[in-house]
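Computation of the quantities below employed the complete heavy-atom set of this structure, encompassing side-chain atoms and omitting hydrogens, waters and symmetry-equivalent molecules. The sequence lines fix the lettering, A, B, ..., with proteins before strands; numbering per chain opens at 1.
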Number of protein chains: 2
Amino acid sequence: MKEGPDISRIAALIGDPARANILTALMSGKALTATELASEAGVTVQTASTHLAKLEAAEMIVCRKSGRHKYFTLGGDDVGHALEALMGLAAGAGHLRMRTGPKDDALREARVCYNHLAGAKGIALYQGLLGQGVVVENGDDVVLTDQGATWLREFGVDVDGLMRSKTPLCRTCLDWSARQTHLAGSVGRALLVRMQDLGWAKRVEGTRVVQFTARGEAAFTEVFGR
Amino acid sequence: MKEGPDISRIAALIGDPARANILTALMSGKALTATELASEAGVTVQTASTHLAKLEAAEMIVCRKSGRHKYFTLGGDDVGHALEALMGLAAGAGHLRMRTGPKDDALREARVCYNHLAGAKGIALYQGLLGQGVVVENGDDVVLTDQGATWLREFGVDVDGLMRSKTPLCRTCLDWSARQTHLAGSVGRALLVRMQDLGWAKRVEGTRVVQFTARGEAAFTEVFGR
DNA sequence: TTCATACTTCGACCGTAGCCGAAGCATATT
DNA sequence: AATATGCTTCGGCTACGGTCGAAGTATGAA
């Protein structure tokens, strides 16, 4: 009768609002302490503690203790992917957050999606890469072209290093804000890092917002088109 | 404070065991009636009815009524993808079902995963296609080669028809039984259909099990190896 | 019309799990 | 040692939601 992996266990884990908030906060990719996560989730530290214990037992998050702090991060890329997929569903079903925060516009413009660029800027980036033949689409899969590898090298990305790693180079990721795809995978991550190194953009502390500088904005448009 | 779509709502929806069973049952891709789903989920029809109403309200499933029956199917591909992602997580965390049913071995051997072939046979199929250069891997993306299109045509698959459609040709899908990838996407689906047309395999009514005939087994090994 | 089947709604029961206050450890700082 | 900070455990309260029996609606068959 019952077959397959027990999907409901982990879904129930994500299903609690407090835990969902914790996980969403960790989608920023940054390591956060228990108290930070508690305030993020809107619960006391005690409750957060039990939640974190459960999430850790399920290997959805991992913790690294340093002194009297415990820093938490997402368990792995699979966890991020699953959360992204759920966000896509939630956005599609119109289940957006009730009170849309003041940062919502900024989030729609440019934000961090686990480790790569998302939002309007993320989509523009992807479209730009497609237009220049750096990557090509195949269904909803993306492939890095040979000329694309060269292009990336010139842009300052260590493509060969990425290729040695086992993590996939390119993946598509569906935006929950605009219903379009943008670029994830190690290339997507590397591009975000590179743009920060170039001083084009900075992350706004404590949020997932990515703030472009005036110069960065111009350079971005120059390279990727609007 | 709170940013992004409300992930917890739908996660909680999937988090209930009964609803999870319903969704898992619908992963077979077949349209099922309310009573069938009730027995599948192990609850009475009344409870199933309320669950179905909730799932439908969230657009996770759609229903088509015919006479006094109501046939339910998954809401869309996004739903399927999200469920797959969760299954991957659940399998990874070792949260497999407690009591493994009698059909479990058959499921591990060959089963329907939403609409394509999964299990040991699914993996063998994918490996065979890779070995013959019909598809090539790029990270965790898969691409159909030109020679692969020709091969498929000879195998009896209407590749050109598939290409005209907007749905992606090839996608990878992670098995929960063996932790390996197999082929999804419209090509994956078409191959399963073709094998059934050839009389190689039949679906066992009411389950996700795919039963290969002796002749089909031999032909499969012939064509794909292993 | 009458009966049977498929599904839905209502009402009441019950259990699980989230929540916080308070106390308990553990690690740093003085 | 004494104090402060970060995190965990315990106990009890509460509420939300899943569950089923029973009654109610819709559709098809006799």
Side-chain angles (χ1 to χ4, degrees), chain A residues 1-2 6-26 30-58 60-73 93 95 98 206, chain B residues 1-2 6-26 30-58 60-73 93 95 98 206:
Chain A
M1 194 74 65
K2 314 281 198 295
D6 196 349
I7 212 179
S8 73
R9 291 271 256 300
I10 48 155
L13 229 44
I14 310 174
D16 177 74
R19 283 192 294 258
N21 284 335
I22 289 176
L23 292 170
T24 311
L26 289 176
K30 303 203 92 171
L32 299 171
T33 68
T35 23
E36 285 172 324
L37 289 170
S39 95
E40 197 71 32
V43 293
T44 59
V45 266
Q46 309 96 289
T47 19
S49 179
T50 65
H51 285 315
L52 290 169
K54 288 177 185 177
L55 289 173
E56 196 182 359
M60 295 197 65
I61 60 177
V62 287
C63 113
R64 180 173 54 81
K65 61 184 340 181
S66 126
R68 52 183 168 181
H69 294 274
K70 287 187 79 172
Y71 288 96
F72 293 89
T73 42
H95 280 213
M98 281 300 101
Chain B
M1 194 72 69
K2 315 282 199 295
D6 192 355
I7 214 179
S8 72
R9 291 271 256 301
I10 48 154
L13 229 44
I14 311 175
D16 177 74
R19 284 192 294 258
N21 284 335
I22 289 176
L23 291 170
T24 311
L26 289 176
K30 302 203 92 173
L32 299 170
T33 68
T35 23
E36 285 172 325
L37 289 170
S39 93
E40 198 71 31
V43 292
T44 59
V45 266
Q46 308 97 286
T47 24
S49 179
T50 65
H51 286 316
L52 290 169
K54 289 179 185 176
L55 289 172
E56 196 182 359
M60 296 196 63
I61 60 177
V62 288
C63 111
R64 182 173 54 82
K65 61 185 335 182
S66 125
R68 52 184 168 181
H69 294 274
K70 289 186 77 172
Y71 288 95
F72 293 90
T73 42
H95 280 213
M98 281 302 102

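- Minimum interatomic distance between A20(A) and I14(A) (heavy atoms only, all atoms of both residues): CB-O, 3.4 Å.
- The shortest distance between the side-chain N/O atoms of H69(A) and the OP1/OP2 oxygens of dT5(D) is not below 4.0 Å.
- Put simply, T35(B) has a side-chain N or O that comes within less than 4.0 Å of OP1 or OP2 on dC7(C).
- Side-chain N/O atoms of K70(B) include one lying less than 4.0 angstrom from OP1 or OP2 on dT8(C).
- Note on T47(A): every side-chain N or O is 4.0 Å or more away from OP1 and OP2 of dC19(C).
- For A18(A), counting side-chain heavy atoms from C-beta on, the closest listed nucleotide (dG18(D), dT8(D), dC19(C)) is dC19(C).
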Return all side-chain donor-acceptor pairs below 3.5 angstrom for residues 47-54 of chain B, not counting sequence neighbours, or 'none' if the list is empty.
from: T47(B); atom 1: OG1; to: T44(B); atom 2: N; distance (Å): 3.3
from: T47(B); atom 1: OG1; to: T44(B); atom 2: O; distance (Å): 2.9
from: T47(B); atom 1: OG1; to: T44(B); atom 2: OG1; distance (Å): 2.8
from: T50(B); atom 1: OG1; to: T47(B); atom 2: O; distance (Å): 2.7
from: H51(B); atom 1: ND1; to: R19(B); atom 2: NH1; distance (Å): 3.1

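- Rounded to the nearest 0.5 angstrom, I22(B) CD1 and L37(B) CG are separated by 5.5 Å.
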Below 3.5 Å is the cut-off: list the nitrogen or oxygen pairs between protein and nucleotides 28-30 of chain C, distance only.
none

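- Rounding to whole angstrom units, CD1 of residue I22(B) and C1' of dT19(D) are separated by 13 Å.
- At the phosphate of dC20(D), OP1 or OP2 sits under 4.0 Å from a side-chain N or O atom of T44(B).
- As rounded to whole Å, 11 Å separates atom C1' of dT8(C) from atom CZ of F72(B).
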